[in-house]
Chemist: 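First the structure, then my questions, so here it is.
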Amino acid sequence: MLRCLSVAIGTVALLVQLGTPTAWAADANEAKGTPAMNQALALNYDWAQHTRLKWGYNDLDGDRIPDTLVTVWNGKTIVFVSDDGKLPWRTEDERRDWNAYFNESFNVGQEPPSMWNPIRKNWGNYTILVDRDGCGRLDSPGDFYYKAIDWNRNGAPEAEYYHLFPGQMPWSNKFHVNLSGEPDMSYLDWKNFYYADEQRYLPGGKYIMNVHGNGFFLNSYSKNPQRAWENPIAWYDFDFDGHTNMVMRCADVHTDAGKQTNLCEGNEIYRGDLSEFEMSFELNGNTSPTKYHSLDMQLTFYQYTGVGPSYIEYADRVPGMKGLPEAEFLSEKLLWTRQETVRRYWPYMDGFKLATEFPGWQGVWLLFDEDDDDCRWEEMFSKHEEGWTGYSDRIGDRIEVDSDYGGKGMLYIGKFDGRIHLHHAETAFWDIDYLGLYKGSMDRKGTDEGPEPPAGLRYPRVRYSDRNGNGFIDTIEYMTVEYGREATTERIERTVSLIEFGEGAELAPDICELFDPRVTAPLSGWRLDTWDGNPLRKSDFAGTPNRAAYDRMMALYTRVNEQMWRDAQKLYRTAKRHGLNTSENADRDLKLTYAKAELAALTELTVPPGYSRHLSGKTRRDRYNNGFWLKEKVFADILAHSGMDASTLKRLYYMGKMDELCKYIDHHTVKPAKKAS
């Protein structure tokens, strides 16, 4: 499927920031490449129709208060417009070294990168136009346009809008809103006036491109920003600890294929209905300063061949887009797109309810990050999805696909493994990376992640099937495959058929209680155009559908991990009591970390014996992951050493009857094995 600085400004400039009057000499500007104030301004506009601009300060609205600055920044002519009608600098600042000042203000060259600088804290609403292509105008496809929106009038921005493109095509209308009061937003390359590397992150995985806290962005690859491809990608920090609890991604890939080849001419390429709705949940609660982002489970609803839910009626107005009227002529050719106030997108607070209640989805995916190393939404794509393999976690995720939407997105807890599964999934795999050794994707080549698993690496896979067609997994095949040639290199080690365990009252041993992820919370109707610009509070999320969705999924996962740990402890204590825990300490000397060169040279991944490292259940992640592996490995010991009836043991284990299984072991242990040392 297609889813689709440190540049020092000098002591005098710093004094300017502190309020000390300073006059800059014209020749100082010239020495740094900034034109003298009396030099001609080479911009190709009809100055007979507009107020002629000069280098330095300008007063476009005629109130005798400067509102516009023209200067050179990093070799490009720029125009800075105060959309509030008053430049945020004093009269005596006009002849300062603006190149150095702006480089300091935007942290150009600073390592590690930082997006916010308090120098800008009183700039208010402003627009920066850059003649990036040197054409003499500020409204050509090769130019850069940036607008900061100070929603609550506190001097610092809560939103930004810009158009440029992070690839070869020239158009991207991007609107970014920070709802948590953080003024650092998109990571932009202000030296070259371009989109920077969105994969840059600080130690602990904190992405420099701000996708933490609460907020969202809309991304439209056409001139018309009303509709968008990603509309929105939204993130939620419900406990306000700075880490992400949930991500919502909505997308319209119903584009006009003929216009995709030349998007700068495509005024409207989006149809107006969603083709994808995705919700990712951070369930383990193990984010921290050393693990800034983590996503554990995602549901993806899709409609590629028919009509998805319409987002046209969900419109917000962003009045800050208009700016200073007297400066409109600078955007003459692109005025309509730069000043469009309407944004149509899936509601930030209500999206989950609206999406899950839409009956016309084509299908739905469940992805679970079993090795707990997925962070951004790109990693929550699956390598089994056409076109997204490069962005996915290559090994370690479990995916399940209901391709005809027969199960309507319902979930259940499998008796055979205690995990969350997707009702009516026809295709389901778990590619096992037991130690989480391989992490990385093609858009992270410059990071410390990776490498990609080497071709031919043999690794374990579990395939789940619903052979009787009732919507529940009934067959589990344990196999090994080769990376890159999975379909033709399957080697099945063993198969478990739940149907074989049906007898008496359990004629349908695979059927489980269904869980509906839909929420009953009423629509909140929250909109940007009624937002006051102040940081959202916990009370703003209370009772909203998206908060309810997170709480509901968290409750399900809590039920799963607690039961997983209870069952694992019961079985482990029983096995230990009878001396059946013979392989417990086989992992004492297990190698846990590998250098990149070692990973690139591995030929085989396995699930090694031993479970001494799985005896802790302090955290949700421990109870889930350690609980699962503890159960599996202890049961393998029991099967190998007990001398009891294997069919009975398997029936009770895979039917989730842990109490009965432990009682059976207590009463039927024939020959205790030697206890683990």
Side-chain angles (χ1 to χ4, degrees), residues 284 286 296 368-373 395-396 398 414-419 430-438 459-462 476 478-480 493-494 496 560-594 604-644 646 649-650 652-666 669 671-677:
N284 284 316
N286 56 359
D296 302 309
F368 207 102
D369 175 27
E370 296 291 356
D371 58 350
D372 194 35
D373 62 0
I395 304 178
R398 174 167 56 89
K415 298 175 184 177
F416 63 93
D417 64 354
R419 288 171 158 167
W430 173 25
D431 296 323
I432 302 176
D433 185 0
Y434 176 76
L435 294 176
L437 297 179
Y438 291 98
Y459 67 91
R461 165 182 279 186
V462 180
I476 306 100
Y478 301 84
M479 63 180 73
T480 63
E493 311 286 345
R494 62 189 177 96
V496 174
V560 163
N561 68 66
E562 290 183 350
Q563 186 63 52
M564 188 85 78
W565 188 242
R566 283 195 296 268
D567 287 348
Q569 288 293 289
K570 288 177 186 176
L571 191 60
Y572 171 69
R573 287 195 295 265
T574 300
K576 190 172 182 178
R577 186 164 57 247
H578 296 288
L580 303 177
N581 57 323
T582 55
S583 73
E584 176 179 336
N585 295 314
D587 61 349
R588 278 187 170 178
D589 298 320
L590 181 64
K591 184 178 175 62
L592 301 177
T593 59
Y594 291 76
E604 185 176 17
L605 283 182
T606 63
V607 177
Y611 40 91
S612 66
R613 57 190 297 270
H614 294 308
L615 299 180
S616 170
K618 293 180 180 180
T619 68
R620 291 198 292 267
R621 170 66 183 172
D622 287 344
R623 292 191 290 275
Y624 179 80
N625 183 67
N626 289 350
F628 174 81
W629 286 115
L630 186 58
K631 279 196 312 177
E632 287 283 293
K633 294 187 174 190
V634 168
F635 186 63
D637 271 358
I638 292 169
L639 281 176
H641 299 287
S642 70
M644 292 177 285
L649 292 172
K650 290 178 181 179
L652 294 175
Y653 180 78
Y654 289 109
M655 292 302 296
K657 296 179 178 293
M658 202 58 61
D659 288 338
E660 290 186 36
L661 175 61
C662 291
K663 288 179 182 178
Y664 181 84
I665 296 170
D666 282 339
T669 303
K671 185 180 180 181
K674 185 179 180 180
K675 290 187 177 182
S677 59

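Throughout, residue positions are numbered sequentially from 1 according to the sequence presented. The basis for the numbers below is simple: all heavy atoms, side chains too, and nothing from hydrogens, waters or symmetry mates.
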Chemist: What is the minimum heavy-atom distance between M644 and T669, and which atoms define it?
Modeler: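 Looking at all heavy atoms of both residues, the closest pair is SD-N, 3.9 Å.
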Chemist: For T574, which residues count as a side-chain contact (heavy atoms from CB on, under 4.5 Å) partner, sequence neighbours excluded?
Modeler: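 R577, H578, C662, I665, D666.
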Chemist: Got a second to check how far I638's CD1 is from Y664's OH, nearest 0.5 Å?
Modeler: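 I638 CD1 to Y664 OH: 12.0 Å, rounded to 0.5 Å.
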Chemist: Who pairs with W565 by ring pair (Phe, Tyr, Trp, His ring centres under 6.0 Å), at least two apart in sequence or on another chain?
Modeler: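 Once residues adjacent in sequence are excluded, W565 has no partner under the ring pair (Phe, Tyr, Trp, His ring centres under 6.0 Å) criterion.
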Chemist: Measure across G610 and Y434 and return the closest heavy-atom pair with its distance rounded to 0.1 Å.
Modeler: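 Heavy atoms of G610 and Y434 come nearest at O-OH, 4.3 Å.
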Chemist: Of all residues at least two apart in sequence or in a different chain, which pass the side chain to side chain donor-acceptor pair (under 3.5 Å) check with D659?
Modeler: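 Here the qualifying residues are K570.
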Chemist: Looking at CZ of R613 and CG of N585, how far apart are the two atoms once the value is rounded to the nearest 0.5 Å?
Modeler: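 The CZ atom of R613 sits 13.5 Å away from the CG atom of N585.
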Chemist: Can you see which heavy atom on S583 is nearest to which on Y611, and at what distance?
Modeler: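 Heavy-atom minimum between the residues: OG-CE2, 3.4 Å.
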Chemist: Determine whether L630 and Q569 make a side-chain contact, defined as any pair of heavy atoms from C-beta on separated by less than 4.5 Å.
Modeler: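 The answer is yes, as the side chains (C-beta and beyond) meet within the 4.5 Å cut-off.
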Chemist: Taking salt bridge (charged side-chain N to carboxylate O under 4.0 Å, His left out) as the test, write out the residues that go with K591, two or more places apart.
Modeler: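 K591: salt bridge (charged side-chain N to carboxylate O under 4.0 Å, His left out) contacts with E598.
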Chemist: Quick one: pull up NE2 in H614 and CG in D622 and give me the separation to the nearest 0.5 Å.
Modeler: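 With rounding to 0.5 Å, NE2 (H614) is 10.5 Å from CG (D622).
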Chemist: Which residue, N581, T582, D587, forms the side chain to side chain contact (heavy atoms under 4.5 Å, CB included) with E584?
Modeler: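 Of all the options given, the one that passes is N581.
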Chemist: Looking at F368, I'd like to know if the NZ or CZ of R419 sits under 6.0 Å from its six-membered ring centre while staying within 45 degrees of the ring's axis.
Modeler: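 Pair R419/F368 does not count as cation-pi.
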Chemist: Would D372 and N625 count as having a side-chain donor-acceptor pair, cut-off 3.5 Å?
Modeler: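 Not at all, the side chains of D372 and N625 share no donor-acceptor pair under 3.5 Å.
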Chemist: Rounded at 0.5 Å granularity, tell me how far CG in L649 sits from OH in Y654.
Modeler: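 Rounded to the nearest 0.5 Å, the CG-OH separation comes out at 11.0 Å.
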Chemist: Any idea which heavy atoms bring V462 and I476 closest together, and the distance?
Modeler: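 Residues V462 and I476, closest heavy atoms: CG1-CG2, 3.5 Å.
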Chemist: What's the verdict on side chain to side chain contact (heavy atoms under 4.5 Å, CB included) for M658 and L571, showing C-alpha distance, side-chain angles and the deciding distance?
Modeler: CA-CA 7 Å; M658 202 58 61; L571 191 60; 4.0 Å; yes
Chemist: In Å and rounded to the nearest 0.5 Å, what is the CG to OG1 distance from N626 to T619?
Modeler: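 Atom-to-atom, N626:CG and T619:OG1 are 7.5 Å apart.
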Chemist: Please, which pairs that meet salt bridge (charged side-chain N to carboxylate O under 4.0 Å, His left out) have at least one residue in residues 626-642, sequence neighbours excluded?
Modeler: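 The answer is none; no pair qualifies.
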Chemist: Between Y438 and Y459, is the side chain to side chain contact (heavy atoms under 4.5 Å, CB included) condition met? List the steps.
Modeler: CA-CA 12 Å; Y438 291 98; Y459 67 91; over 6 Å; no
Chemist: Can you tell me how far CZ of R623 sits from CE of M564, rounded to the nearest 0.5 angstrom?
Modeler: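 With rounding to 0.5 Å, CE (M564) is 12.0 Å from CZ (R623).
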Chemist: Is E604 close to T480 at the side-chain level, that is, under 4.5 Å between some pair of heavy atoms?
Modeler: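 Counting from C-beta outward, T480 and E604 never come under 4.5 Å.
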Chemist: For a 4.5 angstrom cut-off between non-hydrogen side-chain atoms, does V496 reach F416?
Modeler: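 No, too far: nothing below the 4.5 Å cut-off.
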Chemist: Are P460 and Y478 close enough that some pair of their side-chain heavy atoms sits under 4.5 Å apart?
Modeler: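 Answer no - side chains too far apart.
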Chemist: State, to 0.1 Å, how close G436 and D371 come at their nearest heavy-atom pair, and which atoms those are.
Modeler: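 The pair with the smallest heavy-atom distance is CA-OD2, 3.9 Å.
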Chemist: Output all residues satisfying ring pair (Phe, Tyr, Trp, His ring centres under 6.0 Å) with F635, sequence neighbours left out; order by chain, then residue number.
Modeler: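 Expected list: Y653.
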